[in-house]
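Report on the structure given below.
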2 protein chains.
Amino acid sequence: MRYCKIPDEAVRRLPIYLRGLLFLSEQSKKSISSQSLADFLGINSWLIRKDFSYFGDFGTPGVGYNIEKLIKHIKKILKLHVGHKVALVGTGNLGRAVLAYPGFRIYGFDVAAAFDSDPKKNGRKINNVVVENISKLGRLKKGKIDLGIIAVPGDAAQEIADALVKAGIKGILNFSPYRIIVPKKIKVITIDIAMDLARLPYYMRSN
Amino acid sequence: MRYCKIPDEAVRRLPIYLRGLLFLSEQSKKSISSQSLADFLGINSWLIRKDFSYFGDFGTPGVGYNIEKLIKHIKKILKLHVGHKVALVGTGNLGRAVLAYPGFRIYGFDVAAAFDSDPKKNGRKINNVVVENISKLGRLKKGKIDLGIIAVPGDAAQEIADALVKAGIKGILNFSPYRIIVPKKIKVITIDIAMDLARLPYYMRSN
DNA sequence: CGGTTTTTGAGAATGTGAGCACTAATTTTA
DNA sequence: TAAAATTAGTGCTCACATTCTCAAAAACCG
Ligand SMILES: NC(=O)c1ccc[n+]([C@@H]2O[C@H](COP(=O)([O-])OP(=O)(O)OC[C@H]3O[C@@H](n4cnc5c(N)ncnc54)[C@H](O)[C@@H]3O)[C@@H](O)[C@H]2O)c1
Ligand SMILES: NC(=O)c1ccc[n+]([C@@H]2O[C@H](COP(=O)([O-])OP(=O)(O)OC[C@H]3O[C@@H](n4cnc5c(N)ncnc54)[C@H](O)[C@@H]3O)[C@@H](O)[C@H]2O)c1
């Protein structure tokens, strides 16, 4: 199974594993069995073993997986072994929450630039990042920023996406509920909070 | 295929359809073909037809689907035909963004209560909702609130989840990156923004 | 009113992932 | 050193989801 293409669903789980392993690493644990990790994360042990086996032999039978080795490898697969700079567009309520959130750092992300069209917001400093005018977005190219977060109203999302692509961004995290169209080589992940909330009642038991 | 169980993946798409249909309805459109809807939403037409066919015959060959009828039916399936009141716990950056967001209303949600443990935040009014002390969470039962949103730091998420369940909540939207354990009949949907961002670099083309 | 176009709905084929069971490898223990 | 215990790795099966194809149904048009 080695050297296979990693299934999308497994890729989706890798950040979960990574967060758990980083936590264990901080506690100075050296290795862990798939069963213990399974109990810790609430994921079946065989699924963990299968996922890990997609990218090579890392476990030692009778012992488990070397945590540091695994962290390094998962980071490499997710391309998180190098840090990434992120540009945020839209410093409204959600955008400010993103700017203030320290939790992106464990994955090596640095929200290094922020833009807004509202002149009243330009110049404000949030978490050491100065909010620039949206017209400055083109200058991104020099900054080694390769990811963008869209937190503007839906009807502005497409034009911002176009601008980000033009500025050389390789991936976009989109919070707006609008579909955005980009060149095939650019990956877009959309988080639509209202939509996720909307499928919650479906699963409610009425009892 | 009528009266079949609807696959989870189809349920995940229903809110997308619903949003699109509500938009078209506002434009006074009466009916739409699966192909036009497909172009509009960026989803394949046969997938739309298959999803709709899970819950009955609604289309008219040669014409398409009646928009109002479809909206009503999708709402019923998602149990959105009755409005839902939502309790928010944690009025930090993300919580405040949720409170201020008007977009939940199209799905019939009303964020009707907010709680925080920080006394400095208690009593503040955000978007017509007064932030109450977390100790008041138990009183929820009288308020017909059936959904909860967790926007507290990860290490407090489990205790809040327990409190929400005790207060009679039927479903939880969890923004914290921690796993929370609840009785089987309670549905939890977790949105982990950092994790979604973390799998973006994987898809980056290095060209 | 009959032929043509549009469009649905369902079944078949294909692809993908989850779940399970078993094998093999390594360590621990007697 | 040999047996037992632990644990990783992988092949197999089943369920589910996507994709494709096509016949039947309805509307439209001349
Ligand atoms: N806040 C939530 O809970 C929530 C939930 C679901 C979806 N969303 C979506 O997330 C996005 C942001 O939400 P929000 O609550 O932060 O909205 P918001 O109105 O608070 O902020 C939007 C920000 O974008 C800026 N902006 C508008 N047009 C712009 C443009 N063309 N270029 C640059 N900046 C521009 C505005 O000045 C404002 O600062 C929206 O698309 C919203 O639909 C938010
Ligand atoms: N902001 C983001 O962009 C972002 C991204 C990913 C994940 N998250 C997660 O979302 C959650 C909230 O994030 P945030 O940025 O709003 O954090 P925040 O620190 O701004 O807000 C947390 C709020 O919870 C309150 N709180 C703490 N303990 C509590 C308790 N026991 N009961 C009630 N209230 C309590 C605090 O008083 C504070 O108001 C966190 O779990 C965070 O990890 C946030």
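Chain naming here is simple, since letters A, B, ... match the order of the sequence lines and numbering starts at 1 in each.
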## Note on the structure
The residue among B:Phe55, B:Phe52, B:Tyr54 that forms ring pair (Phe, Tyr, Trp, His ring centres under 6.0 Å) with B:His73 is B:Phe55
### Side chain A:Lys50 and base C:dG19 donor-acceptor under 3.5 Å
yes
### Atom pair distance, as rounded to whole Å: CG in B:Asn44 and P in D:dC20
8 Å
### Closest to the B:Arg13 side chain, choosing from C:dA21, D:dT18, C:dT26
D:dT18
### Query
Only one of B:His84, B:Lys79, B:Lys170 clears side-chain hydrogen bond (donor to acceptor under 3.5 Å, both in side chains) with B:Asp146; which?
B:His84
### Summary
Here the distance between atom C1' of D:dA17 and atom CD1 of B:Ile6, to the nearest Å, is 15 Å
### Message
Using whole Å, what does the distance between atom P of nucleotide C:dG17 and atom CD1 of A:Ile43 come to?
### Response
15 Å
### Query
Is there a donor-acceptor pair closer than 3.5 Å between any side-chain N or O of A:Glu68 and the backbone N or O of A:Ser25?
no
### Task
Determine the contact category for A:Gly59: base if any of its heavy atoms lies under 4.0 Å from a base atom, sugar-phosphate if only primed atoms, P, OP1 or OP2 are that close, otherwise nothing.
sugar-phosphate
### Sorted by number, the residues of residues 22-37 of chain A with heavy-atom contact under 4.0 Å to DNA chain C
none
### Query
For the residue pair A:Tyr107 and A:Leu80, what are the closest heavy atoms and their distance?
O-CD2, 3.6 Å
### Query
Starting at CG of A:Leu70 and ending at P of D:dA8, how long is that distance when rounded to a whole Å?
11 Å
## Note on the structure
Whole-Å distance, B:Trp46 CH2 to D:dT21 C1', equals 11 Å
### Query
A:Glu9 or A:Arg49: which one's nearest nucleotide on DNA chain C is closer to the 5' end?
A:Glu9
### Query
B:Leu47 has an atom CG; how far is it from atom P of C:dT7, in whole Å?
19 Å
### Separation of atom CD1 in B:Ile48 from atom P in D:dC20, rounded to whole Å
15 Å
### Query
Is any side-chain heavy atom of B:Arg12 closer than 4.5 Å to a side-chain heavy atom of B:Glu9?
yes
### Task
Using side-chain contact (heavy atoms from CB on, under 4.5 Å) as the criterion, point out the one residue from A:Leu22, A:Ile71, A:Ile43 that pairs with A:Tyr17.
A:Ile43
### Message
Assess, by modelled atom type and distance only, whether the side chains of A:Asn133 and A:Ser135 contain a donor and an acceptor separated by less than 3.5 Å.
### Response
yes
### Message
So if I take every side-chain heavy atom of A:Tyr65 and compare against D:dA25, D:dG9, D:dA17, which nucleotide ends up nearest?
### Response
D:dG9
### Query
When the distance from OH of A:Tyr54 to P of D:dA8 is rounded to whole Å, what number comes out?
17 Å
### Task
Could you work out which one of D:dT18, D:dA8, C:dT27 sits closest to the side chain of A:Val63?
C:dT27
